[in-house]
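Reckoned from all heavy atoms, side chains included, excluding hydrogens, waters and symmetry mates. Whatever order the structure lists them in is the order used to number ligands and atoms, beginning at 1. What you see is a predicted model, and the numbers here were worked out from it, not measured in a lab.
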Amino acid sequence: MKIIKTIQELVEWRSQCEFPVDLVPTMGALHEGHLSLCEALQSKVLPNEKRYLVLSIYINPKQFNNSNDLDNYPVSMNDDIKLCEEQGVDVVFMPNNSDMYTADASVMISETQLSVNLCGAKRPGHFDGVCLVVSKLFNLVRPSRVAFGKKDFQQIAIIQKLIKDLSYPIELVAVETKRELDGLAMSSRNRRLLKEQRAKAPLIYATLQAAKNDNLSSTEELDIKTINHNLEQVFSPLEFKVDYLTIVHADTLQPCSSKNSQALLVLACFMGEIRLIDSIKLFDE
Ligand code: PAF
């Protein structure tokens, strides 16, 4: 496995690389969810086909609207490298800030429809930062396939749109959310949960599942008011603070009140300072 730390080295490697390349962009603190993104790409490689798998590790400062969140983002470089090696990653790209963003950098990339609500509204500038770094990674690595996790449902919709609108010749492979045995969606931020918070965190998914079951038995309209009320009952005595809870169409991210196979119940909440997101499809296809 090759470790590349500069853009110059990456560009040289890529210009000499005669096989197609797959990419998993990450911010490190790798867990099974990230490995499942690698697996999703690796499982698409045909028996006699040669492709390279690049995994990038870069904590992108441009996508953090909260400096405290950036300062406390978990870092585990040595473990990450070991996991990549075991997973059969070919290249780990781990640039530093001054290489990624020169002091006079002034270009931004904004998605203007899918990013206005939900996390986009709650974390101003977040998706501009994501679009910028993802575009840079696409330009440098020139992958033909990339994998992203469905846990970040808004990010995945926006990147799909970025690929379409900027005509990147890239296939996006969307991978199901990987969960701990108790249902908590895997996230690098889970490492920051205190023991008591971690013990309560599975309630997030349990509550989404209960709401799904309630709506399955309802007949017509999706009842976000009742879901909200039930969630408040569970969350308020605990340390959870809901940032948003709503039902949206998975592709358009527009509010969705009638029964639809793409209806997604989405939730962002704080446990102390730590912001967690999760979602559930209300109807199985
Ligand atoms: O999902 C993430 O970890 C980040 O938003 C990404 C896509 C690696 C961009 O920094």
Novice: Do other residues, nucleotides or ligands put more than 12 heavy atoms under 6.0 Å from Glu273 CD?
Specialist: no
Novice: Between ligand 1 and Tyr58, is the shortest N or O to N or O distance under 3.5 Å?
Specialist: no
Novice: Do NZ/NE/NH1/NH2 and the carboxylate oxygens of Asp69 and Arg275 come within less than 4.0 Å?
Specialist: no
Novice: Could I get the full list of salt bridge (Lys or Arg N to Asp or Glu O under 4.0 Å) partners for Arg198, not counting sequence neighbours?
Specialist: Asp182
Novice: Report the residues that fulfil side-chain contact (heavy atoms from CB on, under 4.5 Å) with Asp152, sequence neighbours left out, ordered by chain and then residue number.
Specialist: Gln155, Ile277
Novice: What atoms of ligand 1 come closer than 4.0 angstrom to any heavy atom of Phe148?
Specialist: 7 (C)
Novice: How far does CG of Asn72 sit from CD1 of Ile274, to the nearest 0.5 angstrom?
Specialist: 8.5 Å
Novice: Only heavy atoms of Val133, strictly under 4.0 Å: list the atoms of ligand 1 that pass.
Specialist: 9 (C), 10 (O)
Novice: Just go through Lys136, Met27, Lys151 and tell me whose heavy atom is the nearest to atom 3 (O) of ligand 1.
Specialist: Met27
Novice: Considering only heavy atoms of Thr26, which atoms of ligand 1 have at least one such atom less than 4.0 Å away?
Specialist: 8 (C)
Novice: Going by the order shown, which atoms of ligand 1 are within less than 4.0 Å of some heavy atom of Gln155?
Specialist: 1 (O), 2 (C), 4 (C), 5 (O), 7 (C)
Novice: With heavy atoms of Pro25 as the reference, note each atom of ligand 1 found under 4.0 Å away.
Specialist: 8 (C)
Novice: Roughly how far, to the nearest 0.5 Å, is the OG atom of Ser188 from the NE2 atom of His34?
Specialist: 4.0 Å
Novice: Number the atoms of ligand 1 from 1 as they appear, then name those within less than 4.0 Å of a heavy atom of Gln63, with their elements.
Specialist: 4 (C), 5 (O), 9 (C), 10 (O)
